[in-house]
K.L.:
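Please find one structure pasted underneath; my questions will follow.
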Amino acid sequence: MNIKVAPEIAALVPYRPGKSLAEAKRQYGLSHFIKLASNECPLDLPADLVSYLSEALPQMNRYPDPVFFDLKQELHSKYKIPVSKMSFGNGSNEIIDLLIRGFCLPGDEILTSRGAFIAYKICAQAARVRPVELPLLPNYEIDLGSFEAYLEAHPGVGPKLIFIPNPNNPTGAYLSRKKLLSFLDKYGQREDFLIVIDQAYDEFVTHGDPVPELWSADYKNVCVLKTWSKVQGLAGLRLGMIIADEFVIDILDRIRNPFNVNTLAQKAALWTIQNPHWTDKIKDQVIRGREQFQNFLDSKKMTYVPSQGNFVFFDTTQDSSVFCDEALKKGLILRPLKNYGFNTEVRMSVGTDEENEFALGVLAELFE
């Protein structure tokens, strides 16, 4: 066709999710696989939640609540988050896209790190916005010093949005309270850009110097992203949240699609808030499995990042695609990370106890 496509779109490399179970079965002809590639909750939804959602199915002929009234009231009641500072998206990915569309013009730039969640870069390119990715530190941690240097070197003409995932996906590295608040104390009152702290994995943090709830702090330009895909186990329903200044929420609510979050997602989110025993169960499973993985990697003297997410990022010391293909042949789906610029590193999500044991057995064979 002769239709012209914007160069930013033509150069865009689409997001490639972890290999699905069906795809793996087709490719290798095995009947059973363990998928630890997509940072999903390893536990099936509890029967109480399934029953609760099934009661809502007869009303699926109606549109969902476009203003999230019940969900906002519940979050305000439990966490004291101001109702006017909340909005929701079809996963946090939609909110990332809305932020870039709402606050960037074509030709503007966003600032993030290499090895950070790749959706920032993809959404920026799709909006004809330039992603600036600064190098990680040698220990795979986001280098806030380089962020500061970049901002000081570009006064008034720098990024419109700064994306800082904490914990970071896919590395699992974590910026401590001291490091992150030092940066926010310096730049958290600026009016020429927004700082987006993506806390998708925050509930799994066991770090000795954890970051406090940023939405309650006096930072004018700081936005916080949350998701129900991880510790709440609702990845299939797609729900993300942003907590930000009323001005930011107003802009996002103007441009998001009406009815962007379905009824089942809203109701399931309410249930998880009212039933913390479910999220506690997931959290315990992940932290225990994460420690098991890291102890195994220690025993094999493999390089890995001490993770604060629901996964472990480690260096295979070989081509990651080859390594993951060998794991696939044995029934284990892992995530190679070449699209992030990591040629030998792999990400492995925490599964059930049985899945974790199987995965460690496969890794033991591969590391022989």
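Just the heavy atoms: all of them, side chains too, but no hydrogens, waters or symmetry mates, feed the values below. Heads up: numbering here begins at 1 and tracks the sequence.
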K.L.:
State, without any angle test, whether Glu94 and Asn260 hold a side-chain donor-acceptor pair at a distance under 3.5 Å.
P.N.:
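Their side chains do contain a donor-acceptor pair, which is all the 3.5 Å distance test asks for.
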
K.L.:
Within the side chain of Ser113, is there an N or O that forms a donor-acceptor pair under 3.5 Å with the backbone of Ala116?
P.N.:
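No: the side chain of Ser113 does not pair with the backbone of Ala116.
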
K.L.:
Test your reading of the model: is there a side-chain donor-acceptor pair from Ser51 to the backbone of Asp48, 3.5 Å cut-off?
P.N.:
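It does not hold such a pair.
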
K.L.:
May I ask you to check whether over 12 heavy atoms, not counting those of Glu291, lie within 6.0 Å of atom CD?
P.N.:
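No.
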
K.L.:
Taking atom CD as the centre, does Glu191 end up with more than 12 heavy-atom neighbours from other residues, nucleotides or ligands that are less than 6.0 angstrom away?
P.N.:
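Check fails, neighbour count at 12 or below.
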
K.L.:
Does the side chain of Gln232 come under 3.5 Å of the side chain of Thr279 through a donor N or O and an acceptor N or O?
P.N.:
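Per modelled atom types, Gln232 and Thr279 side chains form no pair under 3.5 Å.
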
K.L.:
When you check the side-chain N and O atoms of Ser38 and Arg335, is any donor under 3.5 Å from an acceptor?
P.N.:
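Result is no, nothing qualifies.
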
K.L.:
What do you reckon, are the aromatic ring centroids of Tyr150 and Phe147 less than 6.0 Å apart?
P.N.:
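When the ring centroids of Tyr150 and Phe147 are compared, they turn out to be at least 6.0 Å apart.
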
K.L.:
Please collect all ring pair (Phe, Tyr, Trp, His ring centres under 6.0 Å) contacts where either partner lies in residues 73-115, sequence neighbours excluded, each pair once.
P.N.:
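Pairs touching residues 73-115 that pass the test: Phe68-Phe88.
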
K.L.:
Is any side-chain N of the basic residue among Lys178 and Asp209 closer than 4.0 Å to the acidic one's carboxylate O?
P.N.:
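Answer for the salt bridge query: no.
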
K.L.:
With no hydrogens and no angle check, is any side-chain donor or acceptor of Arg256 less than 3.5 Å from a backbone partner on Leu98?
P.N.:
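Checked: no pair found.
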
K.L.:
Closest approach of Glu74 and Ile273, non-hydrogen atoms and distance?
P.N.:
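Nearest pair, atom of Glu74 first, then Ile273: CG-CG2, 3.7 Å.
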
K.L.:
Do you see a donor-acceptor pair shorter than 3.5 Å between the side chains of Arg347 and Thr171?
P.N.:
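No pair is found: no donor N or O on one side chain lies under 3.5 Å from an acceptor on the other.
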
K.L.:
Ring pair (Phe, Tyr, Trp, His ring centres under 6.0 Å), that's the test. Do Phe293 and Phe311 meet it? Break it down for me.
P.N.:
CA-CA 9 Å; Phe293 284 171; Phe311 56 88; over 10 Å; no

K.L.:
Do Asn39 and Tyr201 have a side chain donor and acceptor closer than 3.5 Å?
P.N.:
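Yes, Tyr201 and Asn39 have a side-chain donor paired with an acceptor closer than 3.5 Å.
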
K.L.:
Does a side-chain N-to-carboxylate-O contact under 4.0 Å join Arg254 and Asp250?
P.N.:
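Between Asp250 and Arg254 there is a salt bridge, with a charged N closer than 4.0 Å to a carboxylate O.
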
K.L.:
May I have all residue pairs that pass ring pair (Phe, Tyr, Trp, His ring centres under 6.0 Å) and include part of residues 349-368, sequence neighbours excluded?
P.N.:
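Matches after skipping sequence neighbours: Phe323-Phe367.
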
K.L.:
Quick check: is Phe247 connected to Ile100 through a chain of hydrophobic side chains (ILVMFWY, heavy atoms under 4.5 Å apart)?
P.N.:
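Linked, Ile100 and Phe247 end up in one cluster.
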
K.L.:
Tell me whether Leu161 shares a hydrophobic cluster with Ile255, the cluster being built from Ile, Leu, Val, Met, Phe, Trp, Tyr side chains joined at under 4.5 Å.
P.N.:
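Yes; tracing contacts between hydrophobic side chains, which count when under 4.5 Å, links both residues.
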
K.L.:
Should Lys338 and Asp319 be marked as a salt bridge (charged side-chain N to carboxylate O under 4.0 Å, His left out) after you check the CA-CA gap, both sets of side-chain angles, and the distance that decides it?
P.N.:
CA-CA 9 Å; Lys338 288 189 175 181; Asp319 184 295; 2.8 Å; yes

K.L.:
Do Ser320 side-chain atoms and Asn343 backbone N/O form a donor-acceptor pair below 3.5 Å?
P.N.:
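It does hold such a pair.
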
K.L.:
Under 3.5 Å, is there a donor-acceptor pair linking the side chains of Glu345 and Tyr140?
P.N.:
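A pair is found: one side chain offers a donor N or O, the other an acceptor, under 3.5 Å apart.
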
K.L.:
Might you confirm whether atom NZ of Lys220 has over 12 heavy atoms from other residues, nucleotides or ligands at distances under 6.0 Å?
P.N.:
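Count not over threshold, so no.
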
K.L.:
If only atom types and distance count, is the side chain of Asn356 paired as donor or acceptor with the main-chain N or O of Val350 below 3.5 Å?
P.N.:
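The answer is no, because no donor-acceptor pair under 3.5 Å joins these two groups.
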
K.L.:
Donor-acceptor pair, Arg130 side chain versus Ile110 backbone, under 3.5 Å?
P.N.:
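Pair absent, no side-chain N/O of Arg130 close to backbone of Ile110.
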
K.L.:
When you group the ILVMFWY residues by side-chain heavy-atom contacts below 4.5 Å and let the links chain together, are Tyr52 and Leu57 in the same group?
P.N.:
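Both belong to a single hydrophobic cluster.
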
K.L.:
Salt bridge check: are Asp202 and Lys230 linked by an N-O gap of less than 4.0 Å?
P.N.:
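No, this pair does not count.
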
K.L.:
Indicate the atoms forming the closest heavy-atom contact of Gln59 with Glu55, along with that distance.
P.N.:
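So the minimum-distance heavy-atom pair works out to OE1-O, 3.4 Å.
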
K.L.:
Give a yes or no on this: more than 12 heavy atoms of other residues, nucleotides or ligands lie within 6.0 Å of atom CG of Asp44.
P.N.:
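12 or below, so no.
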
K.L.:
Looking at Lys267, I'd like to know if its NZ atom is crowded, meaning that more than 12 non-hydrogen atoms belonging to other residues, nucleotides or ligands lie closer than 6.0 Å.
P.N.:
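12 or below, so no.
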
K.L.:
Do Lys226 and Gln199 have a side chain donor and acceptor closer than 3.5 Å?
P.N.:
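Short answer, yes.
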
K.L.:
Report yes or no: do Asp353 and Gln285 form a side-chain donor-acceptor pair below 3.5 Å?
P.N.:
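Yes, because at least one side-chain N or O of Asp353 sits under 3.5 Å from a partner of the opposite role on Gln285.
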
K.L.:
May I ask you to say whether Lys35 pairs ionically with Glu355, meaning some side-chain N is under 4.0 Å from a carboxylate O?
P.N.:
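So Lys35 does not pair with Glu355 through a salt bridge.
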
K.L.:
Around atom CZ of Phe259, are there more than 12 heavy atoms of other residues, nucleotides or ligands at under 6.0 Å?
P.N.:
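Atom CZ in Phe259 is packed in, count exceeds 12.
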
K.L.:
Does Ile282 belong to the same Ile/Leu/Val/Met/Phe/Trp/Tyr cluster as Val50, with side-chain heavy atoms less than 4.5 Å apart forming each link?
P.N.:
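The answer is yes; both residues are in one hydrophobic cluster.
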
K.L.:
For Asp298 and Tyr304, which I'm curious about, is there any donor-acceptor pair between the side chains at under 3.5 Å?
P.N.:
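The answer is yes; a qualifying pair exists.
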
K.L.:
Between Ser182 and Asp185, does any side-chain donor sit less than 3.5 Å from a side-chain acceptor?
P.N.:
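Side-chain D/A pair, Ser182 to Asp185: absent.
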
K.L.:
Show your reasoning for whether salt bridge (charged side-chain N to carboxylate O under 4.0 Å, His left out) applies to Lys160 and Glu109.
P.N.:
CA-CA 6 Å; Lys160 297 297 177 64; Glu109 65 183 32; over 6 Å; no

K.L.:
Hey, does the side chain of Asn262 reach the backbone of Leu264 with a donor-acceptor pair shorter than 3.5 angstrom?
P.N.:
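At least one qualifying donor-acceptor pair exists.
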
K.L.:
Is there a path of hydrophobic side-chain contacts, each under 4.5 Å between heavy atoms of I/L/V/M/F/W/Y residues, joining Ile287 to Trp278?
P.N.:
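Trp278 does not cluster with Ile287.
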
